[in-house]
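Have a look at the structure below before the remarks.
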There are 4 protein chains.
Amino acid sequence: MNFMQKQDASSRNAVRPGRPRSVATQEAILAASLRLTERVGYAQLTIEGIAAEAGVGKQTVYRWWPSKAAVVLEAFARDARAVVKVRVTGNLEIDLEKFLIAAYRRLTGPRGVVFRSLLSEALINSDFAQQFYDEYLQSRVDDLKTVLSSGANEAEGFEVPAELVEMIYGAIWYRMATNQKLTPAAARQVAAAAVNLLRET
Amino acid sequence: MNFMQKQDASSRNAVRPGRPRSVATQEAILAASLRLTERVGYAQLTIEGIAAEAGVGKQTVYRWWPSKAAVVLEAFARDARAVVKVRVTGNLEIDLEKFLIAAYRRLTGPRGVVFRSLLSEALINSDFAQQFYDEYLQSRVDDLKTVLSSGANEAEGFEVPAELVEMIYGAIWYRMATNQKLTPAAARQVAAAAVNLLRET
Amino acid sequence: MNFMQKQDASSRNAVRPGRPRSVATQEAILAASLRLTERVGYAQLTIEGIAAEAGVGKQTVYRWWPSKAAVVLEAFARDARAVVKVRVTGNLEIDLEKFLIAAYRRLTGPRGVVFRSLLSEALINSDFAQQFYDEYLQSRVDDLKTVLSSGANEAEGFEVPAELVEMIYGAIWYRMATNQKLTPAAARQVAAAAVNLLRET
Amino acid sequence: MNFMQKQDASSRNAVRPGRPRSVATQEAILAASLRLTERVGYAQLTIEGIAAEAGVGKQTVYRWWPSKAAVVLEAFARDARAVVKVRVTGNLEIDLEKFLIAAYRRLTGPRGVVFRSLLSEALINSDFAQQFYDEYLQSRVDDLKTVLSSGANEAEGFEVPAELVEMIYGAIWYRMATNQKLTPAAARQVAAAAVNLLRET
DNA sequence: CCATAACCGAGACGGTACGTCCGGTCTTATA
DNA sequence: TATAAGACCGGACGTACCGTCTCGGTTATGG
């Protein structure tokens, strides 16, 4: 769960001597990392800056996270857990379109900047890519698969083809890296294509 | 064309006073930037390192490129121009599969590291995203469209749907950012899905 | 006192949060600056070189001193405080001659190189000239005045004429800037002239 | 004579093939070096700046002078040759006072900045110290000796004591390096002291 | 009158140091 | 033991000049 942090939950939750970890401080750091990423951009984001923004010592950040990417990932994933929702009605066309439009919209605006930052890091740091997948992307993939397989509930043991997920989410990332807006229209086109592909199978 | 450089082609080609730019130096820098990116990774790549590797003064790098991303992009794009080829036989299934397998293979191995670096930068720097598209990606998109539209030559004025390109190339980028190998099998699955979608239209 | 440093004594001696300044580091820097000035000369002296010689980060030098001149002045003045001594017997001729011969000798040899450096800087930087006077020269002027006025103790309220000090010390600086050795003979001649002038008054 | 320049007069005056040295350029460089020294100070003076100010290529400066100190010295000495004058009436008190007041005044104002620069350089560069003496100071010393010995014309073979020159000019340099104004009053006091010393002998 | 040669402006080049920023570690006092 | 503060060593930033070089072009002498 907390493998992004230097000490995992089990050892932290055990009763230990000394002053306990400050939850308020931890949350100040996570909030500051989101705020700063959105304000100045990931390249300009520094651990020093996060600490200052959170009103915290640098050491305190280093004690719990190994890098700025780890801090931002935890902050982003925690935020997503509270936000992302899946509704399935049984009508694949409508469900998928709604799901994708929501996803495209979520990634427009401030949080999109943070997401691009994480994706950017994942591309050049394979350890982080794994953490990014486990901490955040896995859940989104599960969400998508839930939607995609809801229309195929008659066929037991149906498995969503991997390349379909790759192509649907990949299409978002393509637009992100090519300066194109994540419009509802774009979402709709991808949704329609995905439905076509799924019917084919 | 050369807008990645601080001075564009027209003014550089004009007869100007002073010692002319050294071609050997320029090529040493570009070669060094590829070599170093592959060796130490983009995050560890520094202008200072490029200069040292090329046996060149730092200022000389700064004189012609504004950032490490710009150097690497020019080196990568120049290299790609010499390497990427498109063959069209008229058989869409086979042509597309061959095209994608070649693309997947090219992005495995050293050059893939460089490509990820550029993609990584494009995600957090929209100016660079534009340059990346203009200098490199545009051509790849044209290549793909050439292949995709070759099977539809009967229908005049046929236009490849934008989301198709997004989904095909996006699928590659998805695998890149999630630590998955770019296998020929993965390429084949995407190719097959793309053919299905194209037949549908 | 410590106005050569970026933070003055009062605020530094107060209990402040954070890791305190390292005395060992400070002394390594001062020692290195003398060593290097004597070895390579003031023009070739660099902050970078001082830091390297002291085994210290560049920033640590910049944190406490604003320029190489300031470092060298503090090192030189601190050293002088431990070395310069005045003996007064009441016999003006002998006292002055001894005093000047000692001064001439001290400024021959390695420390002379450092002194010339400071003088050189003072001539083209009037802020530094003030600091040089306050931190170092003032004491030497007092020493000289002590010697000069010791023979005139009968006359209460006797004041050494300013131009006398200027001419005595100026004679040293003249020889320094004209490649002439600071010989005991030269010291003796100036001492004799000074005694004559003083008797006249 | 011209040993400050890289090529001496004999070889330059000899008839040689090729385009001859441009006098206008040479004078533009000398004038620019004085102007810039007075404007920005010796520490901020650069060969590059001199070339730009003179509207000249850097190489042209380096072709004729080995360092910025050499340029400034030639410019300053040439200027002084046209300015400094000695008048001797036979009245030592008055002659010396007038001579020193003029010297003090000359070194106040812009040219004083240049003189301090040369003195500053001479203190840390003994080769330059020699050139400074030969090119400029020697003449001033001769001037001073002319004045000092004019009152002693009855005594044949009279030699001005070296330490007297050192003390008189040294007194000026002392004031320069200690941020004190070169006032006529200061000149008068030194003149009076010098006369006393001379009468003594 | 044209070849040869040196000069000149411009500016690229390999370097060195600048003064700053930040990374990651450490050492204080305090909680 | 955690924390805020901040000093520490180290490495890279992007810039300024150094002194050298290589262009096109200019101005002399001499064959």
Side-chain angles (χ1 to χ4, degrees), chain A residues 16-22 24-26 44-52 54-64 66-68, chain B residues 15-22 24-26 28 44-52 54-64 66-68, chain C residues 15-26 44-52 54-64 66-68, chain D residues 7 12 15-22 24-26 28 44-52 54-64 66-68:
Chain A
R16 290 186 307 166
R19 179 175 172 177
R21 178 176 183 183
S22 158
T25 287
Q26 182 187 7
Q44 279 64 50
L45 182 71
T46 64
I47 295 273
E48 207 147 270
I50 293 171
V56 141
K58 254 205 297 187
Q59 184 69 237
T60 303
V61 181
Y62 280 111
R63 192 154 19 227
W64 304 109
S67 66
K68 69 174 181 177
Chain B
V15 179
R16 290 188 311 161
R19 180 176 173 176
R21 178 176 185 183
S22 159
T25 287
Q26 181 186 5
Q44 277 64 51
L45 182 71
T46 64
I47 297 271
E48 205 147 276
I50 293 172
V56 142
K58 247 203 301 187
Q59 182 80 199
T60 302
V61 181
Y62 281 110
R63 197 159 10 229
W64 304 109
S67 65
K68 69 174 182 176
Chain C
V15 178
R16 290 188 312 162
R19 179 176 174 176
R21 179 176 186 183
S22 159
V23 179
T25 288
Q26 181 186 5
Q44 277 64 51
L45 182 69
T46 64
I47 297 272
E48 206 146 275
I50 293 172
V56 142
K58 246 201 303 186
Q59 180 83 189
T60 302
V61 180
Y62 281 110
R63 201 167 1 238
W64 304 109
S67 66
K68 70 175 182 177
Chain D
Q7 312 199 8
R12 274 211 338 290
V15 179
R16 287 187 310 166
R19 180 176 173 175
R21 178 176 186 182
S22 158
T25 288
Q26 180 187 8
Q44 278 66 51
L45 182 71
T46 64
I47 297 272
E48 207 147 90
I50 293 171
V56 141
K58 258 205 296 185
Q59 184 70 232
T60 303
V61 181
Y62 281 111
R63 192 153 21 223
W64 305 110
S67 66
K68 69 174 182 178

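Naming: A, B, ... by sequence-line order, numbering from 1 per chain.
- Scanning for side chain to side chain contact (heavy atoms under 4.5 Å, CB included) contacts around A/Ser22 gives A/Ala24, A/Thr25, with sequence neighbours left out.
- Across all strands shown, C/Gly49 has no heavy atoms under 4.0 Å from either base or sugar-phosphate atoms.
- B/Lys68 and B/Leu45 get closest at one heavy-atom pair: NZ-O, 3.1 Å.
- For C/Arg63, a side-chain nitrogen or oxygen approaches OP1 or OP2 of F/dC8 to under 4.0 Å.
- OP1 or OP2 of F/dC9 lies within a sub-4.0 Å distance of a side-chain N or O belonging to C/Thr60.
- Atom P of nucleotide E/dC18 and atom CD of B/Glu48 are separated by 14 Å, given to the nearest angstrom.
- A close approach under 4.0 Å does not occur between any side-chain nitrogen or oxygen of D/Trp64 and OP1 or OP2 of E/dA6.
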Exercise for review: Indicate for each nucleotide in nucleotides 21-27 of chain F, in 5' to 3' sequence, whether protein heavy atoms under 4.0 Å reach the base (B), only the sugar-phosphate (S), or nothing (-).
Suggested key: BBB-BBB
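- For D/Ala54, the side chain to side chain contact (heavy atoms under 4.5 Å, CB included) partners at least two apart in sequence or on another chain are D/Ala28, D/Ile29, D/Ala32, D/Val56.
- Contact annotation: A/Ser22 does not reach the phosphate of E/dA31 (side-chain N/O to OP1 or OP2, under 4.0 Å).
- For a distance-only test at 3.5 Å, the side chain of D/Lys58 qualifies as a donor-acceptor partner of the base of F/dG19.
- Residues meeting the side chain to side chain donor-acceptor pair (under 3.5 Å) test with D/Glu48, sequence neighbours left out: D/Lys58.
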